[in-house]
**Q** 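Just passing along the structure, written as C-alpha cells.
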Protein chains: 2
Amino acid sequence: MAVHKKEEFTQKEQDLANFAKAMAHPARISILKVLAQRNACICGEIVELLPLAQSTVSQHLKELKNAGLITGTIDGPRSCYCINWKAFQKFNSEFNFLFDNLKIKNEKACC
Amino acid sequence: MAVHKKEEFTQKEQDLANFAKAMAHPARISILKVLAQRNACICGEIVELLPLAQSTVSQHLKELKNAGLITGTIDGPRSCYCINWKAFQKFNSEFNFLFDNLKIKNEKACC
DNA sequence: ATGCTTTATCGTATATTTGCGATATAAGAT
DNA sequence: ATCTTATATCGCAAATATACGATAAAGCAT
C-alpha cells in the first residue's frame, strides 16, 4: 500500500522480522546449508548446486549479507562467503528468549 | 519472471522458509508475542494493541494461521486465537538441527 | 425482526520480491 | 595488452505482500 508501518514496531520486533525475512526463501535456506556444511568458503559452487541463474544466486547472497547472516570477502576474481555464526547465534537466542520462556508456562493453551 | 522456482527445493527447505516467512513481519512477531504473553486467547484486543487497521490485523492472523503457527476457533461473534506450540516447537527444533549441529564443528570459519 | 458488535473478505493501490538476460567490473593468465 | 573467468549490478517483467476502506457474515441482545 503506499504507507509502511513497519517502523511503528519495536526495534527488536523489526530485527527479528528482518532475520526471518532473510530466511524466508528456500534458495536462501539452501545457500545457508551449503555454507554451513562446507567449512571452507564457497562462491560459484553454489550456483551449480542451485536451480537458479548466477545473477539470481548473487542477489540472494547479497540479501543474506545485508541481513548480516553471512560475510563475504573478495578473494581475487572470486568471492568467498561464510556464515556469520555470531549474528546467527544472537538472533537464535533472541528467538528462543521470546518464545521458549513463555512456552513453559503456557503449554496447555485454551484452543 | 513469471516462473516460480520454489518447488525445486526440498520439502524441508520449503517448510522452513514458509515458517520464516510467517515471522517475517514485525506485526506478526508482535501478534505472536501478545498471544504468548496472555495465556488466554484474544481477538480484537490485538487490533487495539497494534498500529494497524482491523482488516490488516485480520489478514496477518490469517497468514499465521495458514502457516500453522496459530490456531483459531470461532467463539460466538468473536474469534479466539492461540499459539500452536506443537508446530512451533517442531520448526524450532528443525531450525536448530540445521544450524546448531554444524555450528559446533565450524566455529572458526575462514572469513 | 432489527440493530449492534465482532471478525472475515473483497477490491484496490502501491511496494517489494523474485527471476533472468545483458552488461559491467575486476583479477589472473597468456 | 588481451583474453578468460568469476562475480556483481542494471533493467525489466511478473508475482506477492502490505495496507486500507467498504462490505459481508454471524451471533447476541432487544
**Q** I want to confirm an ordering. Mapping A/K6 and B/K62 to their closest nucleotides on DNA chain C, which one lands closer to the 5' end?
**A**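 Nearer the 5' end of the strand: B/K62.
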**Q** Between atom CD1 in A/I31 and atom P in D/dT7, what is the gap in whole Å?
**A**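 Taking CD1 of A/I31 and P of D/dT7, I get 13 Å after rounding.
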**Q** Which of these nucleotides, C/dG19, D/dT18, C/dT17, is closest to any side-chain atom of A/Q59?
**A**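 So the nucleotide nearest the side chain must be C/dG19.
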**Q** Name each donor-acceptor pair under 3.5 Å that joins a side chain in residues 16-27 of chain A to protein atoms two or more places apart or in another chain, with its distance.
**A**
from, atom 1, to, atom 2, distance (Å)
A/N18, ND2, A/Q14, O, 3.3
A/H25, ND1, A/A27, N, 3.0

**Q** If I compare all heavy atoms of B/E7 with all of B/H4, which pair ends up nearest, and what's the gap?
**A**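 Taking B/E7 first and B/H4 second, the nearest heavy atoms are OE1-O, 2.5 Å.
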**Q** Which pairs with one or both residues in residues 49-60 of chain B pass salt bridge (Lys or Arg N to Asp or Glu O under 4.0 Å), sequence neighbours excluded?
**A**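 Qualifying pairs, neighbours excluded: none.
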**Q** What nucleotide, of D/dT18, C/dG19, C/dA8, holds the atom closest to the side chain of B/H60?
**A**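 When the side chain of B/H60 is considered, D/dT18 is the closest of D/dT18, C/dG19, C/dA8.
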**Q** List the residues meeting salt bridge (Lys or Arg N to Asp or Glu O under 4.0 Å) with B/E8, not counting sequence neighbours, and say none if there are none.
**A**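 Scan of B/E8 (salt bridge (Lys or Arg N to Asp or Glu O under 4.0 Å), adjacent residues dropped) gives none.
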**Q** Which part of the nucleic acid does A/K65 contact within heavy-atom distance under 4.0 Å: base, sugar-phosphate only, or nothing?
**A**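 If one applies the 4.0 Å heavy-atom cut-off, A/K65 turns out to touch nothing in the nucleic acid.
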**Q** Quick test: give all pairs of protein nitrogen or oxygen and nucleotides 21-23 of chain C nitrogen or oxygen below 3.5 Å, distance rounded to 0.1 Å.
**A**
from, atom 1, to, atom 2, distance (Å)
C/dG21, N7, A/S55, OG, 3.3
C/dG21, O6, A/S55, OG, 3.4

**Q** Return the value, rounded to whole Å, for the distance between atom CD of B/E7 and atom C1' of D/dA15.
**A**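 It is 12 Å, rounded to the nearest whole Å.
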**Q** Rounding to an integer number of Å, can you tell me how far B/R28 CZ sits from D/dA19 C1'?
**A**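 Rounding to the nearest Å, CZ of B/R28 and C1' of D/dA19 are 12 Å apart.
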**Q** Going by side-chain hydrogen bond (donor to acceptor under 3.5 Å, both in side chains), name the residues that satisfy it together with B/T10, two or more places apart in sequence or in a different chain.
**A**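 Result, side-chain hydrogen bond (donor to acceptor under 3.5 Å, both in side chains) vs B/T10: B/E13.
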**Q** Given D/dC20, is OP1 or OP2 found less than 4.0 Å from the side-chain N or O atoms of A/K5?
**A**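 For D/dC20, OP1 or OP2 has a side-chain N or O of A/K5 closer than 4.0 Å.
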**Q** Given C/dA8, D/dA8, C/dT17, identify the nucleotide with an atom nearest to the side chain of B/S79.
**A**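 That would be C/dA8.
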**Q** Partners of A/E45 by side-chain hydrogen bond (donor to acceptor under 3.5 Å, both in side chains), sequence neighbours excluded?
**A**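 Applying side-chain hydrogen bond (donor to acceptor under 3.5 Å, both in side chains) to A/E45 gives A/R38.
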**Q** Just to verify, what does A/S58 make a side-chain contact (heavy atoms from CB on, under 4.5 Å) with, not counting sequence neighbours?
**A**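 Checked A/S58 against side-chain contact (heavy atoms from CB on, under 4.5 Å); matches are A/Q54.
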**Q** What is the distance from CG of A/L64 to P of D/dT7, rounded to the nearest Å?
**A**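 Rounding to the nearest Å, CG of A/L64 and P of D/dT7 are 16 Å apart.
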**Q** Is there a side-chain polar atom (N or O) of A/Y81 under 4.0 Å from OP1 or OP2 of D/dA6?
**A**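 Negative; the distance criterion is not met.
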**Q** What is the distance, to the nearest angstrom, from the CG atom on B/N18 to the C1' atom on D/dA17?
**A**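 Distance, rounded to whole Å: 14 Å.
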**Q** Counting side-chain heavy atoms from CB outward, which of C/dG19, C/dA8, C/dT16 is closest to A/H4?
**A**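 Minimum distance to the A/H4 side chain belongs to C/dT16.
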**Q** Could you tell me the separation between the NE2 atom of A/H25 and the P atom of D/dA17, rounded to a whole number of Å?
**A**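 These atoms are roughly 11 Å apart.
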**Q** Grab the N/O contacts between the protein and nucleotides 2-5 of chain C below 3.5 Å, and write none if there aren't any.
**A**
none

**Q** Hey, could you give me each pair passing salt bridge (Lys or Arg N to Asp or Glu O under 4.0 Å) that has a residue in residues 47-57 of chain B? Not counting sequence neighbours.
**A**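 Found none.
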**Q** So, the side chain of A/N84 versus the backbone of A/G68: is there a donor-acceptor pair under 3.5 Å, distance only?
**A**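 At least one qualifying donor-acceptor pair exists.
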**Q** Where is the tightest heavy-atom contact between A/L35 and A/I46, given as atom of each residue plus distance?
**A**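 Closest heavy-atom pair between A/L35 and A/I46: CD2-CD1, 4.2 Å.
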**Q** Tell me, please, which residues at least two apart from A/D15 pass side-chain hydrogen bond (donor to acceptor under 3.5 Å, both in side chains).
**A**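 Per chain and number, A/D15 pairs via side-chain hydrogen bond (donor to acceptor under 3.5 Å, both in side chains) with A/Q11.
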**Q** Going by salt bridge (Lys or Arg N to Asp or Glu O under 4.0 Å), name the pairs with one or both residues in residues 52-71 of chain B, residues two or more places apart or in two chains.
**A**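 Passing the test, one end in residues 52-71 of chain B: B/R28-B/E63.
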**Q** For A/E63, report the nucleic acid contact type (base, sugar-phosphate, nothing); a contact means any heavy atom under 4.0 Å.
**A**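 Counting heavy atoms under 4.0 Å across all strands, the contact made by A/E63 is with sugar-phosphate only.
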**Q** Mind running a 4.0 Å heavy-atom check of residues 43-52 of chain B against DNA chain C and sending the residues that fall below it, in number order?
**A**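 B/C43, B/G44, in order of number.
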